[in-house]
Amino acid sequence: MGTDCLFCRIVAGEIPATVVRETPTTLAFRDIDPKAPVHVLVVPKEHYADVATLSQSDPTLAGEVLATAAAVAEDEGLLGDGFRLMFNTGAHGGQEVFHVHAHVLGGAPLGPMLARSLG
Ligand code: AMP
């Protein structure tokens with residue numbers, strides 16, 4: 001997508017990030033504002049806005065994002081106690097960066113999936 005997209009710029013090396021894993025098609029880096037002891041973002045290097053677009057356009061690449069997320073979870077020692085894998089999508093999903101990314105969260109009990117404030 002180019003220079004307007006924050007995560008495209010991280011993929012291009014134009015903005016620094018703490019990269020923990022890279023494959024030919026994906027990149028995993030630490031979230032700048034971690035919400036758990038382990039908080040890593042996994043992105044496809046190619047730009048897709050969200051997980052629905054990615055999965056419909058390129059299911060193979062979507063699988064590669066999942067495989068990288070699982071490898072990160074293993075590298076970070078999360079497979080034993082578990083972890084959360086999350087794709088915020090669109091306005092109601094709370095998505096802020098419109099380059100699809102999986103959040104890999106773990107390292108402590110994460111509590112309920114959602115706050116009970118939805119009525
Ligand atoms: P989301 O709300 O699902 O779109 O999540 C966007 C995530 O990107 C948030 O958890 C931010 O903390 C994270 N973030 C924003 N800027 C950066 C950055 N430069 N490097 C790493 N993570 C970032």
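Values below: all heavy atoms of this structure, side chains included; hydrogens, waters and symmetry mates excluded. Every number for a ligand or one of its atoms is a count from 1 in the order of the listing.
Those atoms of ligand 1 with a heavy atom of N88 less than 4.0 angstrom away are 1 (P), 2 (O), 3 (O). Near D33, with a cut-off below 4.0 Å to any heavy atom, the atoms of ligand 1 are 12 (O). Short contacts between ligand 1 and R30, defined as distances under 4.0 Å to a heavy atom of the residue, involve ligand atoms 21 (C). Those atoms of ligand 1 with a heavy atom of V97 less than 4.0 angstrom away are 4 (O), 6 (C).
In this structure the side chain of F29 reaches within 4.5 angstrom of the side chain of L41, judged on heavy atoms. T53 has its side chain out of reach of V100: every pair of non-hydrogen atoms, C-beta onward, lies at least 4.5 Å apart. Taking 4.5 Å as the limit, some side-chain heavy atom of L27 sits within range of a side-chain heavy atom of I10.
Note on ring orientation: taking the six-membered ring where Trp is involved, the planes of H39 and H103 are tilted (angle from 30° to 60°).
Considering backbone and side-chain atoms together, I10 places no N or O closer than 3.5 Å to any N or O of ligand 1. In terms of N/O distances under 3.5 Å, ligand 1 is not approached by Q95.
In this structure, F29 has a heavy atom closer than 4.0 Å to ligand 1. Ligand 1 has G94 within reach: a non-hydrogen atom of the residue lies less than 4.0 Å from it. Taking a 4.0 Å cut-off on heavy atoms, K35 registers as neighbouring ligand 1.
Just one residue in the list V43, V11, V65 forms a side-chain contact (heavy atoms from CB on, under 4.5 Å) with T26, and that residue is V65.
Regarding atom 16 (N) of ligand 1, its nearest protein heavy-atom neighbour is L6 CD2, 3.4 Å. The protein non-hydrogen atom at the shortest distance from atom 6 (C) of ligand 1 is H101 NE2, 3.5 Å. Looking only at protein heavy atoms, the nearest one to atom 4 (O) of ligand 1 is E96 N, 2.7 Å. When hydrogens are left out, the protein atom nearest atom 10 (O) of ligand 1 is D31 OD2, 2.5 Å; that is the closest non-hydrogen contact. The shortest contact between atom 21 (C) of ligand 1 and any protein heavy atom is with I32 N, 3.4 Å.
Residue contacts with ligand 1 for F7 involve side-chain atoms from C-beta outward but no N, CA, C or O (heavy atoms, distance under 4.0 Å). Neither the backbone nor the side chain of F98 comes within 4.0 Å of ligand 1, counting heavy atoms alone.
Clustering ILVMFWY residues whenever any of their side-chain heavy atoms sit less than 4.5 angstrom apart, transitively, puts F87 in a cluster other than the one holding V97.
With no hydrogens or angles considered, a side-chain donor-acceptor pair links E64 and T25 at under 3.5 Å.
You'll find the ring centres of F98 and F7 outside the 6.0 Å limit.
Checked against ring pair (Phe, Tyr, Trp, His ring centres under 6.0 Å), H99 has the following partners two or more places apart in sequence or in another chain: H47.
Minimum heavy-atom separation, L85 to A69: CD1-CB, 3.7 Å.
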